[in-house]
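Read through the structure below, which is laid out as structure tokens, and then see the notes.
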Amino acid sequence: SAKLHFVQDTDYRNLLLQIIFFFYVRVFSEIYTSRGERWHEISARLCRDAVAGHNACLVSEVDVSELKHTEARANHLAHHDILTGLPNRNFVLYGFQKRLNEIRQQHLSAALIFIDLDRFKHVNDSLGHAAGDLLLVQMADRLRSVIRSPDIVARLGGDEFLVLAAADNIADHVLALSERIQQSIAKPMTISGREVCVTSSIGVSLFPSDADDLGTLMRQADLAIYRSKETGRNRVAFFTPELNTVAQQRITLESELRHALVNEQFIVHYQPRVCAQNNQILGAEALVRWQHPHRGLLAPGNFIELCEETGLIETLGAYVLENAAMQQVAWAQLGFHLRISV
């Protein structure tokens, strides 16, 4: 009769086997009770009846349902985003890898789709963070509506979302899915009485053709989304080996820029401003150049954008301003009182 009280028959069989082999067992199982299905901690031990002298089994039960529910809630919060309810970065690290293993066993192909909302910061800056949170919640709902099981969508943080999709023909599947995602996200919505419309940039890496592990796929999808934004945003970009090369070059260039600032490899050239009536020089514009030790003299187009992205632009700007001021003073001492633009 005890067997009928267990929700799962396997729990009952497991209890019996452990008692037979180990003479003692302690398990957590779901049990049918007058209050419905409840979680019980069950302890059982083989012994002898002190009165009759027969073999017996001493069983004790404790209702631990509230504890199990609390644990389940804590586990859910640990692996789901509080704002949107989507799986979070913690879930991605094990849940996406588990799904990749299943896809490999099924001999399917897959795609990791990195989604970034374009100019989301503008919404936060203009309407406030509460409005930004509301936008993220609605975007999560839209993604849920277009992502079909067993594909998975998660929020990595901020305005970044990640989708793991599988199919026989993954390229066609990704193109169709990306189009649905972009169309859904781009639909106008009303937030705080204002109509808001955002677009999305998407980066894609493919499994197993690009890589066969989650970490590499995520890095490749991130490189692809950078290319998507670089080419104008609201686009879909697929990872290519060339992006790895570009990324390595950027890392090298950033390191060289930091050394160039320390070693004062930057020089300032001056573009004269001339009066068209009398050919008199009225002033000049200060223009920075990089005297690279191996590549020679580099124009600003080769390094200014990276300086802006890495925050080095402020240091470089101060350097150019100081040099321009010193040059203006030097010319003034020679009798040339010129206005210098920086």
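Because only heavy atoms are used, hydrogens play no part in the values below, and waters and symmetry mates are left out as well, while side chains stay in.
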| request: Flag yes if more than 12 heavy atoms outside Y24 fall under 6.0 Å of its OH atom; otherwise flag no. | output: yes
| task | Please round to the nearest 0.5 Å and tell me the distance separating atom CG of D159 and atom CG of L117. | result | 5.0 Å
| said: Does I281 have more than 12 heavy atoms from other residues, nucleotides or ligands lying within 6.0 Å of its CD1? | reply: no
| Do the side-chain N and O atoms of Q106 and E102 include a donor-acceptor pair separated by under 3.5 angstrom? | no
| field | Minimum side-chain heavy-atom gap Q220-T216 below 4.5 Å | value | yes
| said: Quick one, V92 with L214, criterion side-chain contact (heavy atoms from CB on, under 4.5 Å). Give me CA distance, side-chain angles, the key distance, then yes/no. | reply: CA-CA 9 Å; V92 167; L214 181 63; 4.3 Å; yes
| message | For Q97, I'd like to know if atom CD has over 12 heavy atoms of other residues, nucleotides or ligands within 6.0 Å. | response | yes
| message | Under a plain distance cut-off of 3.5 Å, with no hydrogens placed, do N14 and D11 share a side-chain donor-acceptor pair? | response | no
| query | Can any side-chain N or O of R142 pair as donor or acceptor with the backbone N or O of S184 at less than 3.5 Å? | reply | yes
| Is a donor on one side and an acceptor on the other found under 3.5 Å between the side chain of N323 and the backbone of Y319? | yes
| task | Can you sort out the partners of Y270 under ring-ring contact (aromatic ring centres under 6.0 Å, His included), two or more places apart, ordered by chain and number? | result | W331
| note | Applying ring-ring contact (aromatic ring centres under 6.0 Å, His included) to H79 and not counting sequence neighbours gives Y94
| Residue pair R48, N55: steps toward the side-chain contact (heavy atoms from CB on, under 4.5 Å) verdict | CA-CA 4 Å; R48 293 185 68 83; N55 291 331; 3.1 Å; yes
| Any side-chain donor near an acceptor of the partner, Q105 and N101, under 3.5 Å | no
| message | Any carboxylate oxygen within less than 4.0 angstrom of a Lys/Arg side-chain nitrogen, looking at D151 and R148? | response | no
| For residues D210 and S205, is any side-chain donor paired with an opposing acceptor at under 3.5 Å? | no
| task | Can you run down the side-chain hydrogen bond (donor to acceptor under 3.5 Å, both in side chains) pairs that involve residues 273-301, sequence neighbours left out, and say none if there aren't any? | result | E256-H292, Q265-W290
| said: What verdict does the side-chain contact (heavy atoms from CB on, under 4.5 Å) test give for L257 and F266, after you've listed the backbone C-alpha separation in whole Å, the side-chain angles of each residue and the deciding distance to 0.1 Å? | reply: CA-CA 10 Å; L257 276 172; F266 292 101; 3.7 Å; yes
| field | Distance in Å, Q182 CD paired with L177 CG, rounded so as to fall on 0.5 Å steps | value | 10.5 Å
Side-chain donor-acceptor pairs of residues 80-91 under 3.5 Å, sequence neighbours excluded:
| residue | atom | partner | partner atom | Å |
| --- | --- | --- | --- | --- |
| H80 | ND1 | H76 | O | 3.0 |
| H80 | ND1 | H76 | ND1 | 3.4 |
| D81 | OD1 | R155 | NH1 | 3.1 |
| D81 | OD2 | T84 | N | 2.9 |
| D81 | OD2 | T84 | OG1 | 2.6 |
| D81 | OD2 | R155 | NH1 | 2.9 |
| T84 | OG1 | L86 | N | 3.3 |
| N88 | OD1 | N90 | N | 3.1 |
| N88 | OD1 | F91 | N | 3.1 |
| N88 | ND2 | A78 | O | 3.1 |
| N90 | ND2 | A78 | O | 3.0 |

| query | Quick one: CD1 on I19 to SG on C57, what's the gap to the nearest 0.5 Å? | reply | 4.0 Å
| task | Check the side chains of S228 and R235 for a donor-acceptor pair under 3.5 angstrom, ignoring hydrogens and angles. | result | no
| said: Is there a side-chain contact between E66 and R38 in this structure, where contact means two heavy atoms from C-beta onward sitting under 4.5 Å apart? | reply: yes
| task | Kindly say whether G193 contributes a backbone atom to a donor-acceptor pair with the side chain of T190 at under 3.5 angstrom? | result | no
| said: Could you walk me through whether F238 and L175 satisfy the side-chain contact (heavy atoms from CB on, under 4.5 Å) test, starting with their C-alpha distance in whole Å, then the side-chain angles of each, then the deciding distance to 0.1 Å, before giving a yes or no? | reply: CA-CA 10 Å; F238 284 77; L175 289 175; 3.9 Å; yes
| Hey, are D118 and T199 close enough side-chain-wise for a donor-acceptor pair under 3.5 Å? | yes
| Residues, nucleotides or ligands: over 12 heavy atoms within 6.0 Å of R194 CZ | no
| message | List the residues meeting side-chain hydrogen bond (donor to acceptor under 3.5 Å, both in side chains) with D168, not counting sequence neighbours, and say none if there are none. | response | none
| remark: Joining Ile, Leu, Val, Met, Phe, Trp and Tyr whenever any side-chain heavy atoms lie under 4.5 Å apart, the cluster holding L287 also takes in none
| task | Go through the side-chain N and O atoms of N263 and R258 and say whether any donor and acceptor fall under 3.5 Å apart. | result | no
| request: Give, for atom OG of S200 and atom CD1 of I115, the distance between the pair rounded to the nearest 0.5 Å. | output: 6.5 Å
| Looking at side-chain heavy atoms only, is the closest gap between L217 and L100 below 4.5 Å? | yes
